[in-house]
Amino acid sequence: MCQSCTNNLLDNLLKHGHLIDTGVDGLYGRSGVFEDVVMRFDALITRWGGGDGPEVMRFPPAMNRKHFEKSGYLKSFPHLAGTVHSFAGDEKAHANLLEQVGNGEDWTLGQKSTEVVLTPAACYVLYPVVAKRGPLSGEGALFDLQSYCFRHEPSKEPTRMQLFRMREYVRFGTPDQVTEFRATWLERGQKMMAELGVPFDLDVANDPFFGRAGRMLANNQRDQRLKFELLIPINSVESPTACLSFNYHQDHFGSTWGIQTPDGEVAHTACVGFGMERVALALFKHHGMNVENWPAAIRKVLWS
Ligand code: ATP
Ligand code: ZN
């Protein structure tokens with residue numbers, strides 16, 4: 001550990017300039033070095049997954065509001081969603097708005113929703129795109145995505161950001177094709193992270209579903225082992241952080257979007273998600289704030 005570092009990870013990251021304060025919890029700028037680490041990890045993911053020949057797609061960090069509504073996100077995670085609103089008034093309304101801003105009053109009440117919302121997970125944008133193409137081929141389909149994602153979960157823990165990047169591989173096909181994909185990534189993900197010299201555990205997990213009904217959904221997800229997470233101690237050893245997740249959605253998105261296999265069955269889907277900032281933070285936590293001092297073996301994996 002460097003001499004000026006303390007036990008508080010966020011303080012250390014800010015002090016070393018890896019994260020840049022904006023005055024909002026969970027909303028940070030990133031240094032060039034931090035971005036380099038993220039880019040190197042991105043390339044490492046491609047080294048492990050690119051050979052499967054995924055179709056690469058990149059979207060801006062917002063999505064069609066209608067698609068978002070249809071996805072069911074608001075049913076499960078209303079508390080995390082971020083919607084984009086905009087001014088749509090006349091000159092009188094504008095004068096009113098400026099007066100409210102000047103008086104420190106709430107000026108947002110007159111804002112109208114736009115046709116876009118912030119992307120909550122990289123794969124949400126994909127399902128309507130695949131649905132529009134018609135039935136899958138016999139091999140199913142595989143996609144490579146990366147997007148900034150928004151979740152309204154402000155926190156002092158640097159690992160819980162409001163805007164962060166998620167890389168994903170998303171598989172569509174029969175239940176066999178999709179579960180094989182997830183099993184492959186459960187193995188690969190562990191081998192990949194072992195190369196980076198960080199301690200980790202794999203565990204069954206659940207999504208943070210909203211409300212009382214959500215508790216049942218969460219229990220059900222755990223009982224059926226639909227979500228696994230690769231957890232790394234970053235903020236604390238007691239509550240390690242999910243850095244990779246491995247999700248089997250069964251026919252949830254296939255039936256929501258009417259995606260079919262060539263036999264006319266509802267397509268199943270699965271995804272593996274990589275938290276880009278969380279993995280970078282894990283590396284800074286375990287190998288130190290100065291990347292030049294990281295162990296040679298780790299530097300070789302990332303910078304070769
Ligand atoms: P958690 O249980 O920590 O809230 P999650 O179950 O919500 O995570 P997923 O929805 O599976 O996470 O998201 C995929 C990946 O995105 C996670 O494995 C994690 O690495 C990353 N991620 C999720 N939420 C955040 C966040 N608030 N800040 C940074 N990275 C995140
Ligand atoms: Zn989360």
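Numbering of ligands and ligand atoms starts at 1, following listing order. Bear in mind that the values here come from a model prediction, so they are computed numbers and not experimental data. We number each residue from 1, following the sequence as shown.
For ligand 1, the polar-atom distance check against Asn247 finds no nitrogen or oxygen pair separated by under 3.5 Å. Residue contacts with ligand 1: Ser245 is placed with a nitrogen or oxygen under 3.5 Å of a nitrogen or oxygen of the ligand (distance criterion only). Considering backbone and side-chain N/O of Ala242, one or more are found under 3.5 Å from N/O of ligand 1.
At a 4.0 Å cut-off, not a single heavy atom of Glu168 sits close enough to ligand 1 to count as contact.
Taking hydrophobic clusters as Ile, Leu, Val, Met, Phe, Trp and Tyr residues chained together by side-chain heavy-atom distances below 4.5 Å, Leu244 shares a cluster with Ile45. Put simply, Leu10 and Leu27 are part of two different groups of oily side chains (I, L, V, M, F, W, Y) that touch within less than 4.5 Å, one to the next. Both Met192 and Val38 are assigned to one and the same hydrophobic cluster, defined by single-linkage of ILVMFWY side chains at heavy-atom distances under 4.5 Å.
Near Arg151, meaning under 4.0 Å from one of its heavy atoms, ligand 1 places the atoms 5 (P), 7 (O), 9 (P), 10 (O), 12 (O), 13 (O), 23 (C), 24 (N). When each atom of ligand 1 is checked for a heavy atom of Met161 under 4.0 Å away, the hits are 26 (C), 27 (N), 28 (N), 29 (C). Short contacts between ligand 1 and Cys243, defined as distances under 4.0 Å to a heavy atom of the residue, involve ligand atoms 18 (O), 20 (O). Of all the atoms in ligand 1, the ones that sit under 4.0 Å from a non-hydrogen atom of Glu229 are 2 (O), 6 (O). Taking every heavy atom of Gly275 and a limit of under 4.0 angstrom, the matching atoms of ligand 1 come to 20 (O), 21 (C).
Using the six-membered ring where Trp is involved, His16 and His18 have ring planes that are parallel, under 30° apart on the 30 and 60° scheme.
Counting heavy atoms under 4.0 Å from ligand 1, residue Val279 does not touch it at all. The side chain of Lys227, and not its backbone, has at least one atom closer than 4.0 Å to an atom of ligand 1 (non-hydrogen atoms only; side chain from C-beta on). By the criterion of a heavy-atom distance under 4.0 Å, the backbone of Leu244, and not its side chain, is placed next to ligand 1. Only the side chain of Met166 comes within 4.0 Å of ligand 1, counting heavy atoms alone; its backbone N, CA, C and O stay farther away.
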**OP:** Applying ring pair (Phe, Tyr, Trp, His ring centres under 6.0 Å), run through Phe228 and Tyr248 and close with a yes or a no.
**Re:** CA-CA 9 Å; Phe228 285 88; Tyr248 177 28; over 10 Å; no

With a cut-off of 3.5 Å and sequence neighbours excluded, list every side-chain donor-acceptor pair involving residues 208-221.
residue, atom, partner, partner atom, Å
Asn219, ND2, Arg215, O, 3.3
Asn220, OD1, Gln224, NE2, 3.0
Gln221, OE1, Asp207, N, 2.7
Gln221, NE2, Asp207, OD2, 2.8

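Selection from Arg167, Arg278, Met276 by nearest heavy atom to atom 3 (O) of ligand 1 gives Arg278. Distances from atom 22 (N) of ligand 1 to the heavy atoms of Phe164, Phe77, Phe150, Phe228 put Phe164 nearest.
Within 6.0 Å of CD on Glu180 lie no more than 12 heavy atoms contributed by other residues, nucleotides or ligands.
A salt bridge is absent between Arg278 and Glu229: the closest approach of a Lys/Arg side-chain nitrogen to an acidic carboxylate oxygen does not fall below 4.0 angstrom. Remark: Asp52 does not engage Arg171 in a salt bridge, criterion side-chain N to carboxylate O under 4.0 Å. Using a cutoff of 4.0 Å between basic side-chain nitrogens and carboxylate oxygens, Glu69 and Arg65 are scored as salt-bridged.
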